[in-house]
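Sequential numbering from 1 along the given sequence is applied to the chain's residues.
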Amino acid sequence: DWSSDVCSSDLYGSISKTLTDSLRLRVSPIAVCITNEAPKGVPSPSQPAAAGCVFWERGSQGAFVTSAADHSNCAVGMYTHHMPLSTAAQQDDLNTCLKVFGDLGYVLPQEIPGIPVLKEETKYVTYAPLASTPVAPSAVLLFADSRQSLAITEAVQQVEPGVPPALGRPACAVVPQAINSGKPALSLGCCGARAYLDVLTDDFALWALPGARIAE
């Protein structure tokens, strides 16, 4: 049951400043907000994206709301975000991607059931700087290097005992991992995300923090 209530800008602005200043983040924290209705007054993307992960980087610059149509170039991202594959071509694209991954030994067939997928079907995803998010975040993304990740790990363990999971391909699976579990997760990226995102250089990884617990 995704919340679509207008959030407290003061709260998220303060949290964003704390994270940015204390970690010296190169990219501002990004809110990923999953809702059943599109937030009023929030525009759609100004240009198409080759992959859904591209929206993360754009979301650090300003708010916009996406639907399944905006993610149609990325069958794998639609799969992890439980977006409806409304056409036979989209289902064929997903099957083709998974077959190619399997043939390359990149994602083996037996590994597919273990890839995190959002439990609820996704209708709309809003991406925005955390400081000015128009709705409460379902997850908050942080691009961090190893030194910053050390600080994040130590902070996480203060509120969530144990070791956060470190995920590999696909990078977008870290979003459902954090939302489904309600616990932080680290993504080491994937070849697709590293090809499309300028910020995801070899020395950087991606954290997803559950939005409902971000104040902790």
Side-chain angles (χ1 to χ4, degrees), residues 1-17 19-20 25-87 89-90 93-94 117-118 120-143 170-176 178-179 187 192-200 206-212 214-215:
D1 180 19
W2 309 114
S3 171
S4 60
D5 294 335
V6 175
C7 63
S8 169
S9 58
D10 290 344
L11 171 63
Y12 292 117
S14 176
I15 294 172
S16 179
K17 187 177 188 306
L19 289 169
T20 301
L25 296 176
R26 189 166 76 185
V27 176
S28 299
I30 302 152
V32 177
C33 317
I34 300 176
T35 58
N36 287 324
E37 297 181 1
K40 294 181 180 179
V42 178
S44 297
S46 59
Q47 54 185 320
C53 53
V54 173
F55 292 135
W56 301 339
E57 203 163 41
R58 293 184 190 173
S60 68
Q61 303 300 315
F64 57 90
V65 59
T66 65
S67 64
D70 299 303
H71 293 255
S72 60
N73 288 332
C74 185
V76 173
M78 293 184 72
Y79 174 73
T80 60
H81 283 56
H82 198 157
M83 290 180 168
L85 298 172
S86 56
T87 67
Q90 288 177 340
D93 188 25
L94 174 61
V117 174
L118 285 172
E120 304 289 339
E121 184 176 279
T122 296
K123 294 183 179 179
Y124 296 96
V125 185
T126 298
Y127 300 90
L130 178 62
S132 56
T133 180
V135 291
S138 304
V140 175
L141 305 183
L142 305 177
F143 289 102
C172 54
V174 76
V175 174
I179 293 175
S187 171
R194 293 193 177 278
Y196 290 124
L197 301 180
D198 292 335
V199 66
L200 205 55
L206 175 72
W207 283 86
L209 310 179
I214 191 62

Exercise. Answer yes or no: is there a side-chain heavy-atom contact under 4.5 Å between Pro29 and Ser16?
Key: yes
Quiz item: Which value, rounded to the nearest 0.5 Å, describes the distance between Ile34 atom CD1 and His81 atom NE2?
Solution: 5.5 Å
Quiz item: Do Leu141 and Tyr127 have side-chain heavy atoms sitting under 4.5 Å apart?
Solution: no
Quiz item: Per the side-chain contact (heavy atoms from CB on, under 4.5 Å) rule, which among Thr133, Ile15, Leu130 passes with Val140?
Solution: Leu130
Self-check item: Main-chain N/O of Leu11 paired to Ser14 side chain as donor or acceptor, under 3.5 Å
Solution: no
Self-check item: Those residues that, when tested against Lys123, pass side-chain hydrogen bond (donor to acceptor under 3.5 Å, both in side chains) (two or more places apart)
Solution: none
Quiz item: Considering residues at least two apart in sequence or located in another chain, which fulfil the ring pair (Phe, Tyr, Trp, His ring centres under 6.0 Å) criterion with Tyr124?
Solution: none
Quiz item: Taking all atoms of both residues into account, what is the closest heavy-atom pair of Gln61 and Pro129, and its distance?
Solution: C-CG, 4.1 Å
Quiz item: Atom CG of Leu200 and atom CZ of Arg194: how far apart are they, to the nearest 0.5 Å?
Solution: 4.0 Å
Practice problem: Could you tell me whether the side chain of Phe55 reaches within less than 4.5 Å of the side chain of Asp70, counting heavy atoms only? | Solution: yes
Quiz item: Excluding sequence neighbours, so at least two apart, what forms side-chain hydrogen bond (donor to acceptor under 3.5 Å, both in side chains) with Trp207?
Solution: Ser149
Practice problem: Carefully, step by step, assess Leu118 and Ile179 under the rule side-chain contact (heavy atoms from CB on, under 4.5 Å). | Solution: CA-CA 7 Å; Leu118 285 172; Ile179 293 175; 3.9 Å; yes
Exercise. Ignoring hydrogens and angles, tell me if any N or O in the side chain of Arg26 forms a donor-acceptor pair with the backbone of Phe143 under 3.5 Å.
Key: no
Quiz item: Tell me, do Leu25 and Leu142 make a side-chain contact under 4.5 Å, heavy atoms counted?
Solution: yes
Quiz item: Which residues pass the side-chain contact (heavy atoms from CB on, under 4.5 Å) test with Ala171, sequence neighbours left out?
Solution: Trp56, Ser187, Cys190, Ala193
Quiz prompt | By side-chain contact (heavy atoms from CB on, under 4.5 Å) - contacts of Thr126 (at least two apart) | solution = Cys33, Pro39, Val42, Val65, Pro134
Quiz item: Any idea which heavy atoms bring Val125 and Met83 closest together, and the distance?
Solution: CG2-CE, 3.7 Å
Exercise. Could you pull out all residues at least two apart from Thr66 that satisfy side-chain hydrogen bond (donor to acceptor under 3.5 Å, both in side chains)?
Key: His71
Quiz prompt | Candidates Leu197, Ile30, Val27 - the one meeting side-chain contact (heavy atoms from CB on, under 4.5 Å) with Glu57 | solution = Leu197
